[in-house]
Asker: 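The structure that follows is given in the form of C-alpha cells.
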Amino acid sequence: MIKKFIDRLLGKSGTPSGRRANPFGKREDVPAGVHGIDRSLVDQRALDVVHTLKQAGFEAYLVGGAVRDLLLGLRPKDFDVATSATPEQVKGLFRRAFIIGRRFRIVHVVYGRGREHEVIEVSTFRAYLDSAAAEQVAGNERTSKGELAGMKHAVDASGRVLRDNVWGPIEQDAARRDFSINAMYYDPETQTVVDFHHGIRDAKKRTLRMIGDAATRYREDPVRIIRAVRFAAKLSGLGFTFDAKTLAPLASSHKLLADVPQSRLFDEMLKLLQTGHALASIEQLKAVGLGTGIYPLLDVVVQRAGDEFVKLALQDTDRRVSEGKPVAPSFLLACVLWADVRKAWNQRLTPRPNQRPPAPFAALQEAVDDAFEARIGDVSGRGKLGSDMREIWMMQPRFDKRVGTSPFSLVEQPRFRAGFDFLRLRSQVGEVEEELAHWWETFSTASDAMREDMVDAQRRENLAKPGAGKARRVKRTDADHPAASQPVDADPRFRPVDGEADQGDVHPEDGAPLGEGAAPAKKRRRRRRKPNDAGRAEGGNDAGPAAD
C-alpha cells in the first residue's frame, strides 16, 4: 500500500506493467460491413489526394472529424489526410501545395481558385514522445524563437508543447490525437477504418473522451480546453456528452491558458463563434464553468449573448454557416461591441452647457477609438479586423441620408453588404425604423432608373415634412416678390434689371406707363450713383441718366 502511495506521488500508474507499457492501444481494422460508412459522401478531391499518396508508395488515410462525421452518416464540410510522407515529400507530389506552420508543420493542397477553392490539409504521422524527453526552453514561442528554430520536439517549463515535428508510425500518431472519436483512420480505397482507441465504440455511445490522462493532455496543449468545449457544443445536438474523466480537470486547467499567445487564443475564439455553433458553444462554456477567464473579448461575448441584438447576430452567423455562406469575424465583433460604441457616441452628441454639439461623424470616430482601446487590444489581424469593424460602424449614420448622390456612392462601397446587414439587425431590435432597412434593401437591388425614382420620391417626402422647406431665391415674377405689394424703392435690392419692366412701371425717360403696343424701352447706360442718393428722382424710382 505504501508502495502504491509512493508511486502515485511520483506519477506512476498502479496498472500492471504489461498494460502500462503500450499507450498506443490495439489496432482494429474495421470493414465496411461493420462501420457502415457511405463512400459517396467523400469529396472527390480528398479521394485524389489519398490516391496520389498511395500511388507514390506512402500510407494515406482520411482522418479526424471527417471520419467521425462519416461514421455518423453526415457529409463532412472539410477533409484532412494523414500520411507517412514528410511535408517535403507531400509538397513534391502536388502542383499547388504549401507547407505551413512551425509548431506543427503541415501541407495545404489547394484545388480551384477564388471562392470555389478547396483546401485538403495533409499532416505527417507524428511520433509519440514523452515530454520529459523533449528539449526544454524557459520562455514561450515569442521569447524563445531563436532557440526553437532548430528544435523538432520542445516544451516550456510547464510542459506545454512548443514544437512537435518528429515523425513516427500510425499507432503513435493516433495516441497523440485529442479525442478517441477523432483518432480513426479511413482508407476510402479499401473502405477500412483503422481504430486504435475504441473510437467507433465511443461514437456509438455518444461519448467525448480524451485519449490518455486528460489533465496531462491539457497541460501539454492548453488550447485543448477550448477545443473540448467546441467539440462538445458541435456534437451536443447529436447527444454527445463528456466522459467523466475528461470533464473533471477541464475548468481547473483554464489557468494554463495564460501562457498561450494572445493571437492563438483569438483564433480559437473565432473557431468557437464561427463554425456554426456559436450559441451552443457559449452555453457549453457556461455549463463547464468557463464562462470567464479564457480571453477578455470572449468574456464580453458570453456576457452579452443574452442581449437581443447580440443574440440575433450569433443566430445570423450560425444560419449563414449552415447555409454554406461566408462569415466575417469583423461583423460579429462589431455587433458585440456596438453597445460600447453607441453609448460613447450618444454621450459625445449630448452638448455641454453653453457649447455646441460636435459633428456626428467626429463623435462617432472618437467613440470607435475608445471601444478599440478598451476591448480589442493587440490581437492577431487587428489591422484588417479593425478597419472592417470601423467601416461597418461609420456607415450607419450614412444610411440616414437618402437624397442627393450619397445613396449611389454608399451602395458601391466594398463593405456595403456588411453595413446593411448590421442596419437590418438594428431595425429588428427597434433601434431604427424597419422602413429604413427596407428602403436600402430595395435600393441595393434596383436598376439605375428605379434608384433615381426612389431618391426623387424621398426628396419630395422630405420637403413635405413640417419645417423641412428650404430657402429659395425669390424672382420678380413670383407672387411673393416684394415688388408685388410695395414700392420698389422699399427694398433697393430689387431694382429693375436693364430692359426689364413690369406693367405699371414708369420709365424714367418719358414718365408714361408702358401699355399694350408701347415702344420697347430704351437701353440705359449704367452710371455711378451719386453720394447720399443725390440723384434719386422724386418719383421714387432710382435715378436715371444724368442731365447733359
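Predicted, not measured: the structure shown is a model, and the values here were computed from it. Along the sequence shown, residues carry numbers from 1.
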Asker: Do Phe443 and Phe408 make the cut of ring centroids closer than 6.0 angstrom?
Answerer: yes
Asker: If only side-chain N and O atoms count, and only distance matters, is there a donor-acceptor pair under 3.5 Å linking Gln365 with Asp369?
Answerer: no
Asker: Is the side chain of Arg320 donor-acceptor paired with the backbone N or O of Lys325 at a distance under 3.5 Å, no angle test?
Answerer: no
Asker: Please confirm whether Trp167 and Phe125 have ring centers closer than 6.0 angstrom.
Answerer: no
Asker: Give the minimum heavy-atom separation between Arg68 and Lys234, together with the two atoms involved.
Answerer: NH2-NZ, 3.3 Å
Asker: Restricting to pairs with a member in residues 206-215, which pass side chain to side chain donor-acceptor pair (under 3.5 Å), not counting sequence neighbours?
Answerer: Asp202-Arg209, Asp213-Thr216
Asker: Under a 4.0 Å N-O cut-off, is there an ion pair linking Asp195 with Arg201?
Answerer: no
Asker: What are the two closest heavy atoms between Thr83 and Glu59, and how far apart are they?
Answerer: OG1-O, 2.6 Å
Asker: Is a side-chain donor-acceptor pair under 3.5 Å present for Tyr128 with Asp173?
Answerer: no
Asker: Assess whether salt bridge (charged side-chain N to carboxylate O under 4.0 Å, His left out) is satisfied between Arg304 and Asp340, documenting all intermediate values.
Answerer: CA-CA 11 Å; Arg304 297 180 179 177; Asp340 295 335; 2.7 Å; yes
Asker: Could you tell me whether Lys271 and Asp267 make a salt bridge, using a distance below 4.0 angstrom between a side-chain N and a carboxylate O?
Answerer: no
Asker: Looking at Lys245 and Asp243, is there a salt bridge between them, counting it only when a charged N and a carboxylate O are closer than 4.0 Å?
Answerer: no
Asker: Using a strict 4.0 Å threshold on nitrogen-to-oxygen distance, state whether Glu88 and Arg105 make a salt bridge.
Answerer: yes
Asker: So, Ser253 versus Arg224: side-chain donor-acceptor pair below 3.5 Å or not?
Answerer: no
Asker: Mind checking whether Phe196 and Phe24 have ring centres under 6.0 Å apart?
Answerer: no
Asker: If I take atom CD1 from residue Ile225 and atom CD1 from residue Ile294, how far apart are they, to the nearest 0.5 angstrom?
Answerer: 7.5 Å
Asker: Please determine, by modelled atom types, if Glu431 and Trp338 share a side-chain donor-acceptor pair under 3.5 angstrom.
Answerer: yes
Asker: When you look at Arg75 and Asp69, which way does the salt bridge (charged side-chain N to carboxylate O under 4.0 Å, His left out) test go after all the steps?
Answerer: CA-CA 7 Å; Arg75 183 182 295 275; Asp69 290 348; over 6 Å; no
Asker: Look at atom NZ of Lys54 and say whether more than 12 heavy atoms of other residues, nucleotides or ligands are closer to it than 6.0 Å.
Answerer: yes
Asker: Charged N to carboxylate O below 4.0 Å: is that the case for Lys311 and Asp307?
Answerer: no
Asker: Tell me which one of Val301, Leu272, Asp299 satisfies side chain to side chain contact (heavy atoms under 4.5 Å, CB included) with Leu285.
Answerer: Leu272
Asker: Which distance, rounded to the nearest 0.5 Å, do you find between the CD of Gln396 and the CE of Met394?
Answerer: 10.5 Å
Asker: Decide, yes or no, whether a salt bridge links Arg426 with Asp421 under the criterion of side-chain N to carboxylate O below 4.0 Å.
Answerer: no
Asker: If you take the centroid of each ring, where Trp contributes its six-membered ring, are Phe231 and Phe242 closer together than 6.0 Å?
Answerer: no
Asker: Atom CG of Leu298 and atom CD of Gln303: how far apart are they, to the nearest 0.5 Å?
Answerer: 11.5 Å
Asker: Under a 4.0 Å threshold between the charged nitrogen and the carboxylate oxygen, would Arg264 count as salt-bridged to Glu268?
Answerer: no
Asker: How many angstroms lie between atom CZ of Arg217 and atom CZ of Arg176, to the nearest 0.5 angstrom?
Answerer: 8.0 Å
